[in-house]
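Worksheet: the structure to be examined is printed underneath.
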Amino acid sequence: MKRITILGSTGSIGVQALQVIERLGWQVVALTAHSNTALLHEQVRKFNVKHFACGNAEEIANCAAIPCDIVLNAIVGIAGLRPTVAALEAGNPVALANKESLVAGGHLVMALASAKGLPILPVDSEHSAIFQCLHVGDIVLDVPGDRGRSPLRKLILTASGGAFFGKTREELTHVTAADALCHPTWNMGAKITVDSATLFNKGLEVIEAAWLFGMHVDDIDVVVHRQSIVHSLVEYNDGAVLAQLGAPDMQLPIQYALTYPARLPMPAQRLNLAVAGTLTFEAVDHDTFPAIELCKTAWRRGGLACAALNGANEAANALFRQGKLGFLDITPMVEQAMLAIPAGDPRNLEDIFAVDNAARQSIKNYALRIMH
Ligand code: NDP
Ligand code: MG
């Protein structure tokens, strides 16, 4: 039995994580939410939790720092960064769903984890797939941090394509948030579902993978795979390609991150390849969906550009969901906000939050200009 803290327990990942925890019979140390006090209190009662916080950033970071066996960070957005840092500083291993922690703060988060000798275990399904392809049985196939000796040549992330796959720019002119929120294969929170439609989610995942696996973005490819059964692949230097397959169900990557290196049974839907039938793979239409290339550009410019891109995307994503911004405005606006920030890397969290704020402000200014 392990002791676990879940940050963002009322969200899509948080709720599924508690289902996993209930089956495993683990002890819950702390839970946090942002505004859904009713569900948080229900969870606190059900799992007999002593520590919880709702909405107060400082209390949430304090919860992350309570000693435990693993902190699952399932907060959405940059709000997850301080809690990730707080968990690591306190010596807690982290299972990370909050990709924005790595996109905006990859330099600091990875350096801190390495200095403390703590793992960051991926929960994102693509990164879990790659992690699983690198850890077959007890053997680690990669030589982390040593690309010269590593036999790993490429990471290949799969993308469902989101709600608007196959659409032309013309067809995207008038799409709404309600259209974007109809995801073909995954049932997720609103922010990530809209990010899936713009393909920013996949771009953020490229940056996340670059940090987690020590790869250059040029060695990370994306391929559209509509069925979400092949969760991602790795290519070795002899040309061998390994993939992890499974029914689209986040409980598997969540459980694996929590129980690694153990693989425990799960009552989940089993993959039946004959029923799945045809699996398809297609190139990304980068002209219509330029977000992945934009994320790679940000990564090449450095950590500050990534933080700016992340903040700008969060702001633009929210304005689109509020009906205040057109779908096709999102990516060019994020690009402008990102390019306005000088290249370079952050020295500390304050640098990251300053750039995040500046980028959000530029998005608000652009949006105001468009509306008038
Ligand atoms: P949800 O929107 O469903 O849940 C977000 C959680 O974070 C909720 O518990 C919410 O609390 C809390 N939260 C929101 N804002 C804040 C804030 N400012 N401070 C502290 N807590 C906050 O998101 P998802 O579960 O879909 O996603 C969570 C993370 O996991 C994201 O980074 C996403 O990219 C990643 N992820 C999600 C996947 C999925 O299948 N959903 C798949 C892969 C990655 P409240 O409910 O009270 O608002
Ligand atoms: Mg993913």
Side-chain angles (χ1 to χ4, degrees), residues 5-19 30-44 52-64 72-84 86 94-105 121-131 155 157-162 181 183 185-196 198-209 212 222 225 228 230-232 244 248-254 257 292 310-311 313-314 317-318 321 353 356 360:
T5 286
I6 303 180
L7 312 172
S9 63
T10 50
S12 158
I13 292 288
V15 165
Q16 294 178 81
L18 280 171
Q19 290 166 359
L31 294 176
T32 77
H34 182 57
S35 55
N36 193 345
T37 37
L39 179 55
L40 179 69
H41 286 139
E42 197 183 298
Q43 295 173 340
V44 162
F52 54 94
C54 201
N56 181 316
E58 201 175 322
E59 287 173 13
I60 291 172
N62 287 342
C63 281
L72 169 62
N73 188 346
I75 291 174
V76 61
I78 188 80
L81 177 56
R82 265 191 213 282
T84 296
V94 171
L96 196 65
N98 177 251
K99 62 192 80 182
E100 295 90 347
S101 279
L102 281 181
V103 173
L121 295 148
V123 171
D124 214 344
S125 58
E126 295 78 1
H127 307 72
S128 175
I130 290 166
F131 187 73
L155 306 181
L157 302 182
T158 52
S160 70
L181 288 170
H183 195 279
T185 46
W186 297 102
N187 187 5
M188 313 176 286
K191 191 257 180 184
I192 184 177
T193 307
V194 167
D195 279 349
S196 298
T198 55
L199 288 198
F200 261 110
N201 182 50
K202 210 50 55 180
L204 301 181
E205 288 182 356
V206 167
I207 299 175
E208 183 187 11
L212 283 171
V222 176
H225 168 52
S228 299
V230 177
H231 296 305
S232 278
Q244 185 255 328
D249 180 353
M250 284 307 296
Q251 290 206 22
L252 191 152
I254 291 169
I292 296 175
N310 182 68
N313 178 53
E314 280 188 39
N317 178 312
R321 278 183 279 144
F353 290 119
D356 175 78
R360 284 168 198 270

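Quick note: numbers below take in every heavy atom, side chains included, and nothing from hydrogens, waters or symmetry partners. Here the structure is a predicted model, which is why all the values come from computation and not from measurement. Atoms within a ligand are numbered from 1 in the order they appear, just like the ligands themselves.
Note: no N/O pair closer than 3.5 Å links Q16 and ligand 1 by distance alone. At least one N or O atom of N36, backbone or side chain, sits closer than 3.5 Å to an N or O atom of ligand 1. At under 3.5 Å, not a single nitrogen or oxygen of N201, backbone or side chain, sits near a nitrogen or oxygen of ligand 1. The shortest N or O to N or O distance between G189 and ligand 1 is below 3.5 Å. For ligand 1, none of its N or O atoms has an N or O atom of T32 under 3.5 Å away. Taking distance alone, with nitrogen or oxygen atoms compared against 3.5 Å, G8 approaches ligand 1 more closely than that limit.
Residue P253 comes nearest to V123 through the heavy atom pair CB-O, 3.2 Å, listed as atom of the first residue, atom of the second, then distance. In terms of heavy-atom proximity, R321 sits nearest to V194 at CG-CG2, 3.7 Å.
Taking 4.0 Å as the cut-off between side-chain N and carboxylate O, K99 and E126 do not count as a salt-bridged pair.
At a 4.0 Å heavy-atom cut-off, ligand 1 does not touch V123 at all. By the criterion of a heavy-atom distance under 4.0 Å, both the backbone and the side chain of V76 are placed next to ligand 1. Contact annotation for K191 and ligand 1: no heavy atom of the residue comes within less than 4.0 Å of the ligand. Residue contacts with ligand 1 for A79 involve side-chain atoms from C-beta outward but no N, CA, C or O (heavy atoms, distance under 4.0 Å). Residue-level proximity to ligand 1 for M250 is carried by the side chain, the only part with a heavy atom below 4.0 angstrom.
For ligand 1, the atoms closer than 4.0 angstrom to any heavy atom of T10 are 8 (C), 9 (O), 10 (C), 11 (O), 45 (P), 46 (O), 47 (O). In the vicinity of A33, heavy-atom distances shorter than 4.0 Å reach the ligand 1 atoms 11 (O), 47 (O).
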inquiry  = For a side chain to side chain donor-acceptor pair (under 3.5 Å) check, start with the C-alpha distance between E205 and N201, then their side-chain angles and the critical distance, and finish with the verdict.
reply    = CA-CA 6 Å; E205 288 182 356; N201 182 50; 3.2 Å; yes
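Listed by chain and number, the protein N, O or S atoms at a distance under 2.8 Å from the Mg ion (ligand 2) are D124 OD1, E126 OE1, E205 OE2.
Each of I78, N98, N310, L81 was compared with V103 under the side chain to side chain contact (heavy atoms under 4.5 Å, CB included) criterion, and only N310 meets it.
Counting only non-hydrogen atoms, the option in P253, S12, G80 that gets closest to atom 24 (P) of ligand 1 is S12. Relative to atom 37 (C) of ligand 1, the option among I13, N98, L7 with the closest non-hydrogen atom is I13. When S196, S35, A190 are checked for heavy-atom proximity to atom 47 (O) of ligand 1, S35 turns out nearest. If you check each of L40, I60, L39 against atom 20 (C) of ligand 1, the one with the closest non-hydrogen atom is I60.
From the protein, the heavy atom lying nearest to atom 40 (O) of ligand 1 is M188 CG, 3.2 Å. Residue, atom and distance of the protein heavy atom nearest to atom 11 (O) of ligand 1 are H34 N, 3.0 Å. The shortest contact between atom 6 (C) of ligand 1 and any protein heavy atom is with A74 O, 3.6 Å. Of the protein's heavy atoms, G11 CA, 3.1 Å lies nearest to atom 4 (O) of ligand 1. Protein heavy atom in closest approach to atom 44 (C) of ligand 1: D124 OD1, 3.5 Å.
Remark: side-chain polar atoms of E100 are not paired, donor with acceptor, to backbone N or O of G80 under 3.5 angstrom.
The closest approach between any non-hydrogen atom of G14 and ligand 1 is not below 4.0 Å.
The distance from the CD1 atom of I6 to the CG atom of L31 is 6.0 Å, given to the nearest 0.5 Å.
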